[in-house]
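Read through the structure below, which is laid out as structure tokens, and then see the notes.
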Amino acid sequence: MAVRPQDRRIGAAISAMHTEPARRWTVQGLAEHAGMSRTSFAVRFKRRVGSSPMEYLTRLRMLLASDRPATSDQAISVVAEAFEYEFESAFSSAFKRHLGCSPRRFATGATRKTDFKQRAAAPPT
């Protein structure tokens with residue numbers, strides 16, 4: 001997720017997401033962080049980054065979460081909660097949508113993890 005927009009305002013929002021990925025970010029909150037209106041921020045972010053702020057944040061969270069099961073014995077529900085998902089099922093659905101398999105399958109190493117990380121880092125089509 002090495003997006004480096006040539007835009008200080010968008011860069012400030014991206015930096016905030018990377019600093020606090022588990023925070024309950026909203027487009028409005030990110031826009032305020034960037035010193036912009038919600039609409040202007042959302043349009044500018046999509047034009048500069050290639051995805052909406054929330055799509056970018058979800059991909060970031062899934063990439064970070066993909067390392068958690070592999071490097072710890074935490075239950076999926078604990079990882080989900082760490083990234084502000086109230087329900088394990090919602091987290092698992094987002095994980096599968098972005099990485100192509102369930103968190104449990106990913107954690108068992110049943111698939112090539114680098115393939116999934118490349119898929120998650122790619123802009124949405």
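In this chain, numbering begins with 1 at the start of the sequence shown.
The heavy-atom pair separating V79 from A65 by the smallest distance is CG1-CB, 4.0 Å. In plain terms, the two heavy atoms of A82 and A22 that are nearest each other are O-CB, 2.9 Å. Across every non-hydrogen atom of P103 and F91, the tightest pair is CG-CE2, 3.8 Å. In terms of heavy atoms, T26 sits closest to M54 at C-CE, 3.9 Å. Residues F106 and S66 approach most closely at CE2-O, 3.1 Å, considering heavy atoms. Of all heavy-atom pairs between R23 and R61, the closest is O-NH2, 2.5 Å.
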Checklist entry - Going through the distances and angles, do S92 and Y85 end up as a side chain to side chain contact (heavy atoms under 4.5 Å, CB included)? => result CA-CA 10 Å; S92 292; Y85 282 84; over 6 Å; no
Checklist entry - F45 and R9: side chain to side chain contact (heavy atoms under 4.5 Å, CB included), yes or no, with the steps? => result CA-CA 9 Å; F45 192 100; R9 290 181 176 194; over 6 Å; no
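The backbone N or O of A31 sits nowhere less than 3.5 Å from a side-chain atom of R38 that would complete a donor-acceptor pair. In terms of modelled atom types and a separation under 3.5 Å, the side chain of S15 and the main chain of A12 share no donor-acceptor contact.
In this structure, CZ in R48 is found 7.5 Å from CD1 in I10, a value given to the nearest 0.5 Å. How far CZ of F41 is from CG of L30: 4.5 Å, rounded to the nearest 0.5 Å. With rounding to the nearest 0.5 angstrom, the CG atom of L64 is 5.0 Å from the CZ atom of F83. For the atom pair OG1 of T58 and CE of M17, the computed distance is 10.0 Å after rounding to the nearest 0.5 Å. In this structure, L57 CG and E84 CD are separated by 10.5 Å, a value rounded to the nearest 0.5 Å. The CD atom of E86 lies 13.5 Å from the OG atom of S77; values are rounded to the nearest 0.5 Å.
More than 12 heavy atoms of other shown residues, nucleotides or ligands fall within 6.0 angstrom of atom CD in E88.
Between W25 and E20, some side-chain heavy-atom pair lies under the 4.5 Å cut-off. Two residues are said to be in side-chain contact when any heavy atoms from C-beta on lie closer than 4.5 Å; V49 and E55 fail this criterion.
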